[in-house]
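Whatever order the structure lists ligands and atoms in, that order sets their numbers, starting from 1.
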Amino acid sequence: MGTPGRFISLEGGEGGGKSTLIAGLRGALEARGLEVIVTREPGGTPLSEQVRALALTPPEGETWSPLAHALLMNTAREDHLRKLIRPALASGKWVLCDRFADSTLVYQAIDGGDLGSLRQIQDIVVGDTQPDLTFILDAAPEDLLERREKRAVSDVFEAKDLSFHQKVREGFKAIAEEAPERCVLIDALMDPEQVLEAALQAIDARLEAT
Ligand code: T5A
């Protein structure tokens, strides 16, 4: 068997620039001759994309409990890992994933999910398939307001107020402090080119990317 690929997740609050960074990373890594898969959570496989719709845009007037939400995210994740992420890594591809398990620990805990239970579910679903590297795009939520508004996304989290987004920021920062060997905090207010440069530097410092 050849060398396995690398798994990189991108995290942070809404509108932080994850999709923009992923596009840049894909180009830069492909230019190095690497095979790159870009995917997202919740989603990434046909079944998980259906779960995404159910989780993020439930029928009007309906809401999920934090536990049910976490189970949905992890149901989607199990399918995504089994059908796309693990096979891609095993065949030597690099996987760039727009959000992964850290998002469940942050968002569903803020909504009231019990952190111990969330971690237990995550252990079962994710197992050893932890990202090799996680970029957390960080900025004060008020500084990202304009960007968020530009996107015209309307899902169950977009409607929340600034204090919710502040908790999201703190949640991701806490994860970065807990797992410094995996996580790299990037200032999301830098120019897209500078954000990409910071990410590539971290890849070069921490992973073999040649
Ligand atoms: N969720 C997800 C959970 O609750 N639990 C879970 O387990 C998981 C996996 C959807 C929601 O799902 C929740 C969390 C989320 O609320 P999502 O689809 O990732 O998650 O939605 P968003 O976080 O809202 O992601 P977006 O794709 O909408 O935003 P991005 O990717 O962070 O930002 P991006 O790149 O689209 O950029 C936004 C705007 O800013 C500009 C872009 O051009 C764009 O207009 N921009 C910049 N401008 C200036 N400088 C930069 N550096 C810029 N980078 C981007």
Discussion item. I'd like to know if Gln194 contacts ligand 1, where contact means a heavy-atom distance under 4.0 Å to any ligand atom.
Written reply: no

Discussion item. With a 4.0 Å cut-off on heavy atoms, is Gly12 in contact with ligand 1?
Written reply: no

Mark up the atoms of ligand 1 that fall under 4.0 Å of a heavy atom belonging to [X], in ascending order.
| X | result |
| --- | --- |
| Glu41 | 9 (C) |
| Arg77 | 7 (O), 9 (C) |
| Ala188 | 52 (N) |
| Asp191 | 52 (N) |
| Asp98 | 19 (O) |
| Pro42 | 2 (C), 8 (C), 9 (C) |

Worksheet item: Got a sec, which residues hit salt bridge (Lys or Arg N to Asp or Glu O under 4.0 Å) with Glu197, two or more places apart in sequence or on another chain?
Response: none

[X] contact mode with ligand 1 (heavy-atom cut-off under 4.0 Å):
| X | value |
| --- | --- |
| Leu189 | neither |
| Met190 | backbone |
| Arg99 | side chain |

Discussion item. Show me the pairs that pass salt bridge (charged side-chain N to carboxylate O under 4.0 Å, His left out) and involve residues 170-180, at least two apart or across chains.
Written reply: Arg119-Glu178

Worksheet item: Out of Arg26, Arg40, Lys18, which one pairs with Asp98 under the salt bridge (charged side-chain N to carboxylate O under 4.0 Å, His left out) rule?
Response: Lys18

Worksheet item: Is the Tyr107 ring parallel, tilted or perpendicular to the Phe164 ring (thresholds 30°, 60°)?
Response: tilted

Distance-minimising heavy-atom pair for [X] and [Y]:
| X | Y | value |
| --- | --- | --- |
| Glu142 | Leu162 | N-CD2, 3.9 Å |
| Pro180 | Arg206 | O-NH1, 3.0 Å |
| Glu11 | Ser103 | OE1-OG, 2.5 Å |

Worksheet item: With no hydrogens and no angle check, is any side-chain donor or acceptor of Glu49 less than 3.5 Å from a backbone partner on Gly44?
Response: yes

Fill in: Polar side-chain atom of Glu41 near backbone of Met73 as donor-acceptor pair, under 3.5 Å
no

Practice prompt. Would you tell me which option among Glu11, Arg52, Gln108 has the nearest heavy-atom contact to atom 18 (O) of ligand 1?
Written response: Arg52

Discussion item. Does any N or O of ligand 1 fall below 3.5 Å from an N or O anywhere on Gly16, backbone included?
Written reply: yes

Worksheet entry | Short N or O distance, Gly17 and ligand 1, threshold 3.5 Å exclusive | yes

